[in-house]
Amino acid sequence: MAANWTDDGAVRAALMADPEGGISSILTGMGSLSYGELAGERIKLGLMLHDPEEEHDCFSDMTHLSHYYDGVGIRNVYTGRYTRVDGSTVEGPSLSQLVAAVAPEVDAQLRAELDASVAALGEMKAAAEGGMAYDQMLGLGNERGKALIEGAVAALVAQTRSIERAVAALGREVELEGSDSLDNPNAVFQ
Amino acid sequence: MNKPAASLLIAVTLAALPRAGGADPRLNEPHLALRPLAPDQAARAEAILASGPETGQAEAFEANSGGVATTQGQSFRDILPGLSDEARMQATLGEALFDKLWVAAPSTTRASDGLGPVFNARSCAGCHPGGGRGRPEPEGISGLVARLSNPTAAGAPDPDLVALGAWHPIGGDPVFGRQLNTRALPELPPEGQLSIDWIEEKVSLSGGEVAHLRRPRARVKDAGQGALAPETRVDLRVAPQMIGLGLLEAIPAAAILEQADPEDADGDGISGRAAVAPSRQHGQPMLGRFGHKAQVATLADMSASALFHDLGLSSPLYPQPEGDCASAACAALPDGEDAGLRDGREVSAEAVAALTRYAGALAVPARRAVDDPQVLAGKAAFHDAGCAACHRPKQLTHQLVDDPARSFQLIWPYTDLLLHDMGPELAAAAPEGAASASEWRTPPLWGIGLSAQVTGPPATYLHDGRARSLLEATLWHGGEAEAARDRVAAMAREARAALIRFLESL
């Protein structure tokens, strides 16, 4: 995987070959992971079913870490900034700067919401590390666990809306999983 | 309704139903939150429905088969745009349930167990590949089930359904139930395997063209729990495509009834009947909109029925964990129900609701090549042949509260949702719901040209997948559609090719 992202790696080459398509890929990935995949299928479904086996990492019991770092990863992609394991950071030009150039208010809101998601997922992680395992968190009758999970879902859904606003601000058509593009309303009987 | 308990339940709920002034129960629409049209909207609705067909050019809005909720993609699994946050999340959860593989009970994954003990598939997606139609495969049969009907196991007539013309003296097989379940948990032999012999025949058309039709003869082999009862009849049914179901559910019942002509009063040879179907969800008879025989009223009823009959999963509307199996061996096996969890059933009402929301949230793809000269010639041939008498091009949905994707939309489903007699060649072995053996609900044609693309080739058509092309499907039409079929067979070869091209553009 690392080789794919080196200066002449295959994925980097594919993204750089079509910069417009590359940016669309970033936005599609952020939106689809935030909404349909993470908030919906990976988090809310388990809560709805109250089934310990419906947690994302049911074998390793690392679900709280998966969810938290997925949230961090989405933010990293947007801000173009990554904190290495040794604590040092690597950063460069970012999608955030691109959005800020055309719609600073959208960028500010999205950054705040990405922070809020990481914070909500962080509360979930802290609770798990404090003894409430994730499979207990989604159990029937665990009101505090339910509130933690629902808080994370709500934050991820909120940031999806702002990702859509960023898409609009950049004048792109991007289909997010579970939120396909609205058809041209002018061509529809009203 | 082969289960005594279930029949009783329906009978009791129907008997308890107040009948205000003998109003037609098919007009009941408890599944929709309606907002009446303003006078100017009603006038525009009337005008748009009365307009057309224009066959020399594409009509306004024609390319957008699903109205505002049309997807520009060519997938059958795109979710309607414009859903509320809550509805969209519910549909997303329903999508995960649609793909979920269920497992045998008992299992550590308590929310995912309860499969069977007899079943046809382990997931919804197993029979609706890519959201498209099932088909009879040469090896292993995917998305095709055998409906079983037995006239000696009918049970007591339900007076309400009798009065509504929706009761037939038919039950399921005494052992196998209403459907042949071709798979089973390891403890149990499957009910049997479905074997289809195809009988080929040739049909001559104008211009020297010859079509090859194949007729299925279904047999049950390797019956695992004793043979089928001698009186039991076997009918094949493919899983239907899933797109636009939420829109079909939102067409005003009154508009569908208005298009019906049960006694053929206008003498055009076409006499659509609006079916009545008992809704378990609402505990009352309603208009039958779904299923090959219009035997199902709402998508919630359909979802719960499919969970029960196809996967062997109980839910509040089908509270029997042993599934569609009447044998003691089925009842003796462990089930996936847990007291106090999931409403005490294998699938909770909440999960059925999510699945139902997903089933109703699949967008219809936009038309392709709507302006192409050959497509327009085919459109003219479609109307000239009389296909549009039943495959009604356009319908208008109700105005709905907080549901912009489905509210007051001009849609192009190419169906009247009515039952039509399709003649002896297509007739089933038994009646079902309000439909006689030879009556079928007009299936929507939208998306039909994408069938092969969404499920992978080859696409097959009609209720049992007998047709290998759209031309074959057309040529099977009989009964009320026989005159239209004959016109297709007799039209110039180029016009026929254009007609098929038009269908492929839907």
Side-chain angles (χ1 to χ4, degrees), chain A residues 28 31-56 58-59 61 135 138-142 149-150 152-162 164 167-168 173-190, chain B residues 41 44-45 48-49 60-64 66-73 75 77-83 85-86 88-97 99-100 103 107-113 338 340-342 347-348 350-351 353-354 358 361 363 366 394 396 404-405 408-411:
Chain A
T28 304
S32 300
L33 181 57
S34 297
Y35 188 81
E37 179 147 1
L38 195 52
E41 192 164 355
R42 305 281 171 207
I43 302 185
K44 189 160 173 137
L45 185 67
L47 179 65
M48 182 177 121
L49 297 173
H50 302 301
D51 183 344
E53 299 291 316
E54 281 292 333
E55 67 164 304
H56 181 255
C58 63
F59 289 117
D61 263 348
D135 55 6
L138 54 72
L140 185 68
N142 183 346
I149 293 174
E150 286 183 337
V153 169
L156 289 164
V157 169
Q159 81 184 28
T160 306
R161 292 278 171 261
S162 287
E164 289 173 338
V167 168
E173 281 198 18
V174 170
E175 292 201 358
L176 305 183
E177 187 180 312
S179 67
D180 301 295
S181 68
L182 198 66
D183 189 35
N184 173 10
N186 297 327
V188 169
F189 174 77
Q190 298 284 320
Chain B
Q41 287 176 308
R44 278 189 297 128
I48 193 76
L49 287 176
F61 321 117
E62 184 179 350
N64 288 316
V68 70
T70 303
T71 172
Q72 298 301 316
S75 162
R77 296 199 59 177
D78 284 351
I79 289 181
L80 299 177
L83 294 182
D85 282 357
E86 190 202 346
R88 183 171 148 194
M89 181 51 79
Q90 217 186 2
T92 302
L93 299 178
E95 180 174 22
L97 293 168
D99 289 326
K100 176 196 256 307
V103 300
S107 152
T108 52
T109 171
R110 290 158 73 187
S112 302
D113 69 5
D338 297 290
L341 274 176
R342 299 181 301 279
V347 185
S348 67
E350 189 186 18
Y358 177 65
K394 36 180 202 281
L396 205 51
F408 196 45
Q409 291 300 307
L410 180 69
I411 59 173

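Note that the structure is a prediction, hence the values are computed from the model and not measured.
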Atom group of [X] that falls short of 4.5 Å from chain A, counting heavy atoms:
| X | result |
| --- | --- |
| B/Asp99 | neither |
| B/Ile48 | side chain |
| B/Ala366 | neither |
| B/Thr108 | both |
| B/Lys100 | side chain |
| B/Ser107 | neither |

Quiz prompt | Under 4.5 Å from a heavy atom of chain B, the part of A/Leu49 involved | solution =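 For A/Leu49, heavy atoms of backbone and side chain both lie under 4.5 Å from chain B.
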Practice problem: Classify the side-chain pair B/Arg77/B/Tyr358 by whether it contains a donor and acceptor separated by less than 3.5 Å. | Solution: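 Yes - a donor-acceptor pair under 3.5 Å links their side chains.
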Quiz item: So, for B/Leu80 and B/Ala69, which heavy atoms are closest and what is the spacing to 0.1 Å?
Solution: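 So the two residues come closest at CD2-CB, 3.3 Å.
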Quiz item: Nearest heavy-atom pair of B/Ala96 and A/Leu45: which atoms, and what distance?
Solution: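 Here B/Ala96 and A/Leu45 meet closest at CB-CD2, 3.6 Å.
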Quiz item: Side chains of A/Ile43 and A/Leu156: closer than 4.5 Å at any heavy-atom pair?
Solution: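 A side-chain contact exists here, since the closest heavy-atom pair is under 4.5 Å.
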Quiz item: Would you say the side chain of A/Tyr35 lies within less than 4.5 Å of the side chain of B/Met89, judging by non-hydrogen atoms?
Solution: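 They are in side-chain contact.
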Self-check item: Test: A/Glu53 and B/Arg110 ion pair at under 4.0 Å
Solution: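 Judged by the 4.0 Å cut-off on N to carboxylate O distance, A/Glu53 and B/Arg110 do not form a salt bridge.
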